[in-house]
Amino acid sequence: MARVITGTRDDRSLSMAREAASARYNFKEAEARWQAAWEAAGVFHARRDPTRPKYYVLEMFPYPSGRIHMGHARNYSMGDVVARYKRAQGFNVLHPMGWDAFGMPAENAAMEQKTHPAAWTYDNIATMRRQLRTMGLSLDWAREIATCDAAYYRHEQLMFLEFLAADLAYRKDGWVNWDPVDQTVLANEQVIDGKGWRSGAEVEKRQLQQWFLRITRYADDLLDALQRLDRWPSKVCLMQENWIGRSEGMRVRFEIVGASEGLEIFTTRHDTLFGASFCAVSPDHPLAERAAAGDPALAAFIARCHATGTSEAALEKAEKEGYDTGLRCRHPFRADVLLPVYVANFVLMEYGTGAIFGCPGHDQRDLDFARKYGLPVIPVVHPAGTDPATFAIGAEAYVGDGRHCNSDFLDGLDVPDAKAEVARRLTAAERGVVEVNWRLRDWGISRQRYWGCPIPVIHCDNCGVVPVPKSDLPVLLPDDVDFGAPGNPLDRHPTWKHVACPSCGRPARRETDTMDTFVDSSWYFARFCSPAADRPVDRADVDYWLPVDQYIGGVEHAVLHLLYARFFTRAMRDCGHLGIDEPFAGLFTQGMVCHETYRAATGEWVTPAEIARADGGGAIWAKTGAPITVGRSEKMSKSKKNVIDPEDIIETYGADTARWFMLSDSPPERDLEWTEAGIAGTWRFVNRLWRMVAQSELPIAGADIAHPPAGADDDPALRAARQKIHRTIAGVTGDLEAFHFNRAVARVHELANALAEIGGTDPAAAFVRREGFAVLVRLIGPMMPHLAEELWRALGHATLVAAEPWPVADPALVVEDVVTVAVQVGGKTRGTIALARDASQAEAEVAAMALPAVVAAMQGKSPRRVVYVPNRIVNVVL
RNA sequence: GCCCGCUUGGCGGAACCGGCAGACGCAACGGACUUAAAAUCCGUUUCCCUCUGGGAGUGGGGGUUCGAGUCCCCCAGCGGGCACCA
């Protein structure tokens, strides 16, 4: 480029500014232009076409919180790579976007800012849609859905009624966190140190009639099917497995001395019954409550258990405590042995029968308990190689395998045999049954809130719970609601809940609970297949598009959302809406986006934008010059102010730079560290590619030359370049298939470096240059789609890269004909040799022994053995 | 407490099935261009030494192997999950 600079200093700086602008890729103009071109060509519209193979790519849809954050940007960049790559591979790609639009933040905003939740939500959606559009994602916006739209939730209500009819939905008492000041139910995360997050009031545990979905009906299948989810991270499968928590054991009835009723306990170690030294029940067990009625000290103990709670707080204080009820129960095999019955803080009412027997010898928790209360510790299983007569339990319970001892008829049996024998005898005596227990509990979906999908039932004093007739759906949320008072606005609405009973016509009340927003997100992937259908889904559409081939989102949804969606898929299948069992054939969980944290001496967090570098290298607060402590990189969060707004980045560097940076370096499943230097470096690379291709000073052959001219394969440098080009196609293709975006990026860098090396103005060089650039442009297409289009056009094409097929590598150029083989002596590398591909051992040995360094290292000795792995290594063993 | 994962230069990371450790990028340093700066281009960059060469090296210790970042055992640190799950 000519650089003629004349004139005064001021003129010069002005012209330099102009030149600097002209020498740089104008992403703003180009990105807008290509987004319009894609839109005009309709390249991202998905149409059902049974003649073509389909591919459904889905990223977890966002909650419309206000603005997209970097986590969204990373998630959607990855999904878009997959969508564009699969499209280029010839698949009919479905890549939709929508909004998980119900939920508490809208109500909080309504209370704090006096806006309506709907207005707040739709404003946010408009902002975030605009932001997402600037990223240039290959989405089919015609399929956009918002879960707060009645056109969406009416179908959810219909399915609820179907679930009700199928006994998949039911009502029962459930425990809730009740905030007595706000008159509302709190989620677990809203309870901080036992107090309501907003009111600060002491939270009460209350029993309320709640709606539940019977996920436990599918417990077995939800567990078994995990085995077949071979494109899910094994970590997620393991977490779901633990969550479902199947355990095989026995329910055993202990007789209570002087009482007509027995005590039913659940155990997975019925083989250790002879080691029992106490029984314990949950503080919520009916027996405990009855005993407490006549024992104020026990009542106080139970109250204390409730205060500590069963969740995180209990973790801190792992002290096992109990209270002796004074009751005694009889050992099922030894009528003369009486065991004390305790109320213990570590026994959960929700699991099993809410009662256990304690075997201190073989359960650590029971051992701790026994030591504290001076109960006997009887070993009944001894490990192989120990003497049962002397084997004793010290500070640690023995939970391993072994033979039974001190156990009457079980003595000498191993654990499985002993279990079988106990099961046989107890079953025969009708004192116990073999049982499978699950940790998984039914899904409580009732929320005492306004901004959610209304549960379509009516309560009639005469008829009980009456479903809303399907013809009356949807049950719409009223618009005129008041957030000025505590409690559920639906409940205190003057007219909304008063309706006639559909069954008897008398005055009745609507259900004022709305559904958990996890219900909304449990089937949205299916709705995307037919977003305008007048039923929940169109069977022909879902049969074609489902399952989702690749689902991408945060690992924080590893259990709840993904398990609920798996449940919903089965429930919808059983109601005739779907023909599949599993919603997501492939799952990828991406890492978080992190950034350094900055803190002033006052303890105040400071945003990255306000940081400057001091002369000494340290960080200072730009506006005051105050020193700043740079903290370790943490997940971007508003509270620590270490956030970078994607919109700012797109404004400064463009969408392609932002996308490429987020795909570089960090493997997608790991956390990404956002750095200013990194994004600036990416911007330089974008410009480098643009200059190389669009501003090339060397000739690039025309688009119509299909075959390499003579010389392209004879010149060693050009042939090497062509090999690099085709190996890069093969490499990047493999990397994208395997979600190794960072490696794909590295390969593109290598290719760009190799292409920059090609000199010469002859036709052969011009051809290789074109071949390389045309490949490079299509390879970056899924990652930097706008730049790819810009360069594609610069290469003389009138087509869109977005609609171009994926490049195919020439196998002859991928295979290496000469390989570099390392030569080791005694395992130490002494040099390398160039060998023909798949050379024989004899050839390899001759070449290896010819290396002076090898001869020197052998010190005249003769090799004992020469290990030769073709194309890899020669190891001379002395 | 239990379960799972991770640990490679100054930094992010690469290294396929056990076969040349450090690709690629960032940062830093040196040089070219410039009155100067920015941008760009060209180099250097794991550490150590007695430096045309040699040695060590993938959190620490041990093992298997001709050969270990990779496999096995022990330990440490960091991160994640959990309902003390009977």
Side-chain angles (χ1 to χ4, degrees), chain A residues 1 3 5 9 16 19-20 23-24 233-236 238-239 241-243 245 247 249-250 265-270 272 280 310-312 314-315 317-320 344-348 350-359 362-366 368-369 437-441 555-556 558-559 633 661 664-667 670-673 675-682 684-685 687-688 691 731 734 738 740 742-753 756 820-832 853 863-878:
Chain A
M1 280 164 288
R3 290 167 188 247
I5 298 169
R9 198 172 183 83
M16 280 193 305
E19 187 199 43
R24 286 189 166 209
S234 50
K235 171 191 173 163
V236 172
L238 185 68
M239 283 166 70
E241 196 180 313
N242 291 337
W243 187 266
S247 57
M250 281 198 85
I265 61 97
F266 177 75
T267 178
T268 55
R269 288 302 302 272
H270 36 285
T272 64
T310 52
S311 51
E312 296 134 84
L315 261 170
K317 256 218 173 289
E319 181 74 30
K320 283 130 194 77
N345 63 351
F346 61 90
V347 180
L348 299 175
E350 292 84 1
Y351 190 80
T353 61
I356 62 160
F357 83 84
C359 178
H362 306 284
D363 182 292
Q364 190 59 43
R365 195 185 38 221
D366 294 349
D368 295 344
F369 192 82
N437 245 293
W438 303 87
R439 177 185 179 277
L440 183 69
R441 300 200 275 266
V555 73
E556 65 272 21
V559 177
S633 189
F661 173 65
S664 308
D665 292 355
S666 297
R670 279 202 227 165
D671 289 351
L672 169 109
E673 188 174 347
T675 62
E676 322 310 311
I679 187 76
T682 304
R684 287 199 297 273
F685 180 67
N687 278 288
R688 182 172 172 228
R691 280 193 308 273
H740 293 154
N742 56 322
R743 298 204 309 205
V745 165
R747 283 185 212 274
V748 169
H749 273 285
E750 286 185 63
L751 179 60
N753 291 343
T820 304
V821 171
V823 180
Q824 301 182 335
V825 177
K828 279 189 179 151
T829 304
R830 296 295 170 183
T832 61
R864 205 151 48 89
R865 186 182 154 198
V866 179
V867 177
Y868 172 54
V869 180
N871 310 322
R872 292 215 180 269
I873 204 159
V874 175
N875 189 5
V876 180
V877 185
L878 295 177

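Labels below follow one simple rule: chain letters A, B, ... track the order of the sequence lines, proteins then strands, and each chain is numbered from 1. What you are looking at is a predicted structure, and each value in this text was computed from that prediction instead of being measured.
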Report summary line: With sugar-phosphate taken as primed atoms, P, OP1 and OP2 and all else as base, the protein-contact string of nucleotides 61-71 of chain B at under 4.0 Å (heavy atoms; B, S, -) is -----BS----
Can you measure [X] atom [atom1] to [N] atom [atom2] for me and round it to whole angstrom units?
| X | N | atom1 | atom2 | value |
| --- | --- | --- | --- | --- |
| Ile265(A) | C85(B) | CD1 | C1' | 13 Å |
| Glu241(A) | C3(B) | CD | P | 14 Å |
| Asp665(A) | G13(B) | CG | P | 8 Å |
| Leu238(A) | C82(B) | CG | P | 12 Å |
| Glu673(A) | G12(B) | CD | P | 7 Å |
| His740(A) | C24(B) | NE2 | C1' | 15 Å |
| Lys828(A) | G19(B) | NZ | C1' | 17 Å |
| Phe357(A) | C85(B) | CZ | P | 15 Å |

Query raised in the report: Reckon Arg24(A) has a side-chain N or O less than 4.0 Å from the OP1 or OP2 of U40(B)?
Result: no
Query raised in the report: Within the structure, does a side-chain N or O atom of Arg684(A) lie under 4.0 Å from either OP1 or OP2 of A27(B)?
Result: yes
Query raised in the report: Say you pick atom P in G9(B) and the same atom in G69(B); how far apart are they, in whole Å?
Result: 14 Å
Report task. Rounded to whole angstrom, note down the P distance from C29(B) over to A39(B). Result -> 13 Å
Query raised in the report: What would the secondary structure line of RNA chain B be in dot-bracket form, counting Watson-Crick and G-U wobble pairs under 3.5 Å, with [ ] for pairs that cross earlier ones and | for pairs with another strand?
Result: (((((((..(((......[....))).(((((.......))))).((((...))))..(((((..]....))))))))))))....
Query raised in the report: Which nucleotide, C3(B), A23(B), C26(B), lies nearest any side-chain atom of Ala677(A)?
Result: C26(B)
**Report entry** Residue mapping more 5' on RNA chain B - nearest nucleotide basis, Met239(A) or Ile356(A)
**Finding:** Met239(A)
Requested in this report: Starting from the 5' end of RNA chain B, give me the residue, Gln364(A) or Gly352(A), whose nearest nucleotide shows up first.
Outcome: Gln364(A)
Query raised in the report: Syn or anti for C78(B), with syn set at within 90° of 0?
Result: anti
